[in-house]
Peer 1: 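Shown below is the structure under consideration.
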Amino acid sequence: MATATTVSRALPSLPSDWSAEKDFKPVGSITASTQRTIEPVGPHFLAHARRARHKRTFSEDDR
Amino acid sequence: MAEKGAGVAPGDRCAIGISFGNSYSSIACTIDDSPVVIANEDGDRQIPTLLSYVDGEEYTGNQAKALLVRNPKNTVVAFKDFLGQDFKSIDPTHCHAASHPEDKNGSICFTIQDKPEGEASTVTVSEISTRYLRRLVQSASDYIGKTVTSAVVAVPTNFGEKQREALIKAAQEADLEVLQLINEPIASVLAYDARPEATLEDKIIVVADLGGTRSDVAVVASRGGLYTLLATAHDYEYAGAQLDKVLMDHFAKEFMKKNANVDPRENARSLAKLKAESEATKKALSIGTNANFSVESLAEGIDFQMTINRLRYETIARKVFEGFNRLVEGVIKKARLDVLDIDEVILSGGTSHTPRIASNLRSIFPATTTVLAPSTSPSALNPSELQARGAALQASLIQEYESEDIDQSTHPAVTTVKHISNAIGVLTLSEDGETFTPVIAPETAVPARRTIHVDAPKEGGTGAQAQGERVEGG
Ligand SMILES: Nc1ncnc2c1ncn2[C@@H]1O[C@H](COP(=O)(O)OP(=O)(O)OP(=O)(O)O)[C@@H](O)[C@H]1O
Ligand SMILES: [Mg+2]
């Protein structure tokens with residue numbers, strides 16, 4: 001997705017002693033995911049299929 | 001969904017999209033990437049799914065439909081869902097006033113006089129479908145000026161593996177390579193998403209496909225242009241034919257007020273006339289607030305003519321209309337969602353032209369939900385054309401691929417992926433403290449990538465983001 005949403009609210013400050021890499025602080029964990037079938041239809045699916053079949057990430061696919 | 005094609009080389013293909021219904025079918029191609037629904041030689045874009053034989057001559061579409069009055073036995077209707085089915089599992093109701101399906105050595109057949117003379121032939125539903133598809137392909141080839149070789153065909157979401165195989169085989173027999181079978185509601189979503197003015201947004205869509213013999217509803221998660229079916233429902237009781245029936249009963253009763261003891265429903269020919277004109281009146285009521293019902297020699301040589309206004313129609317059809325609302329509410333519940341979660345409702349299928357059906361559905365959703373039907377939204381596409389358009393768009397996307405490539409891309413190894421159950425987002429500051437701001441919506445296939453711009457913290461640090469494993473950041 002090329003377009004980015006703009007949120008007008010600010011991010012909270014990190015604690016002053018925060019020193020982890022990339023200033024990234026997880027505040028929760030990802031809950032379970034489910035296996036579902038994406039419909040093999042449309043231009044975005046074709047891009048997905050290309051990434052999946054060539055085992056590429058989004059960034060690699062961009063190049 | 002691996003479609004074994006007749007093996008046309010990509011360079012030699014001329015591909016179209018087909019919507020093959022029990023009542024009507026449509027064909028479409030793309031011109032400069034935009035879909036065009038093709039009119040057949042009679043000028044029809046909704047082509048009745050019928051074949052009729054008179055003196056060995058084959059008629060299709062509206063010409064065949066007109067023959068239901070005087071040639072019902074040699075006219076085949078509502079056969080499409082019979083493809084790939086056992087005789088025991090089919091409902092022949094809609095064939096009542098036409099050629100009846102029969103069981104011949106386990107396959108479904110029709111006995112019709114399709115030659116100028118000699119004995120009647122027993123023709124399998126597969127052969128009937130082949131003949132009908134051949135006519136569709138011929139109309140498309142005539143329009144395009146090139147022989148159509150291949151197609152993407154839209155099918156209901158509950159079209160089983162055997163039905164798919166039977167459809168592909170019937171197409172092959174008509175020299176038509178099936179590039180891919182796609183789900184009807186997804187074809188409709190694609191038709192809308194491919195419009196030049198469309199923006200790519202994550203949304204939950206309900207597609208209500210209200211047809212002639214069946215109604216199918218689906219809840220679809222659209223995430224970054226990837227579509228996932230969350231729930232589906234099918235109903236064979238409330239559909240367009242039921243609305244025809246309501247009007248048939250109404251006009252028959254009115255006729256009998258003037259002609260006691262003559263029930264036009266008791267004579268096959270009168271019944272056929274009654275049905276044809278009732279359907280035409282129903283369609284006229286989608287446009288005008290009044291419509292005329294007029295049949296020459298409806299029964300026992302008596303002509304019959306009367307008008308009906310839309311309000312009266314809506315009153316007598318109320319039960320059927322309520323059935324559509326229940327079906328839609330039911331499938332949303334099945335997806336464990338609420339009407340508040342639905343961003344968009346796409347009305348598809350011929351019956352969706354009915355203004356009252358659209359406004360009834362409009363009333364169960366909040367004002368923020370977009371309801372795409374001709375009477376509720378000026379930007380709505382023709383609901384009768386959505387599936388053919390979507391199928392044509394998909395055909396243009398994949399026609400340059402080798403069949404093997406298409407097979408591999410539609411393989412479960414590629415299509416089955418993990419979807420997150422809950423939203424992933426960041427904490428942001430609002431008046432009431434820290435608020436969760438979703439970045440990736442639930443039911444998004446992963447890996448996924450989304451970008452949002454958030455203001456930097458007021459003082460110190462660069463920011464705090466919560467992000468999931470296996471989910472790429474951006
Ligand atoms: N303008 C209209 N107003 C009301 N009903 C209409 C209109 N146009 C078509 N219909 C009805 O829509 C129904 C056909 O729907 P559709 O074209 O989606 O067919 P289909 O997919 O072949 O249906 P099915 O497979 O359920 O039999 C018919 O009952 C027809 O009378
Ligand atoms: Mg249909």
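Throughout, a chain's letter reflects where its sequence line sits, starting with A, and its residues are numbered from 1. Everything numeric in this text was worked out from a predicted model, so none of it was measured.
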Peer 1: Could you measure the distance from the CD atom of Gln387(B) to the OG atom of Ser348(B)? Nearest 0.5 Å is fine.
Peer 2: 4.5 Å
Peer 1: Among Ile398(B), Leu229(B), Thr435(B), who wins on heavy-atom pairs under 4.5 Å with chain A?
Peer 2: Leu229(B)
Peer 1: Quick check against the 3.5 Å criterion: does Asp202(B) have a side-chain atom that pairs as donor or acceptor with the backbone of Gly224(B)?
Peer 2: yes
Peer 1: Can you tell me which portion of Arg36(A) sits under 4.5 Å from chain B's heavy atoms? Options are side chain, backbone, both or neither.
Peer 2: both
Peer 1: Please flag which part of Leu190(B) lies under 4.5 Å from any non-hydrogen atom of chain A: side chain, backbone, both or neither.
Peer 2: side chain
Peer 1: Could you check whether any side-chain N or O of Lys334(B) sits under 3.5 Å from a backbone N or O of Thr232(B), counting only pairs where one atom can act as donor and the other as acceptor?
Peer 2: yes
Peer 1: What's the separation between atom CD in Gln180(B) and atom OG in Ser403(B), rounded to the nearest 0.5 Å?
Peer 2: 11.5 Å
Peer 1: Which atoms of Leu46(A) are under 4.5 Å from chain B, going by heavy atoms: the side chain, the backbone, both sets, or neither?
Peer 2: side chain
Peer 1: Above 12 or not: heavy atoms from other molecules or residues under 6.0 Å from CD of Glu197(B)?
Peer 2: yes
Peer 1: Considering only NZ, NE, NH1 and NH2 on the basic side and carboxylate oxygens on the acidic side, decide whether Arg13(B) and Glu177(B) come within less than 4.0 Å.
Peer 2: yes
Peer 1: Chain A: which of Val439(B), Leu230(B), Ile406(B) shares the most heavy-atom pairs with it under 4.5 Å?
Peer 2: Leu230(B)
Peer 1: Taking side chain as everything from C-beta outward and backbone as N, CA, C, O, which of these in Ala49(A) sits under 4.5 Å from a heavy atom of chain B? Side chain, backbone, both or neither.
Peer 2: both
Peer 1: Check whether Asp193(B) gets within reach of chain A through its side chain, its backbone, both or neither, counting any heavy atom under 4.5 Å.
Peer 2: neither
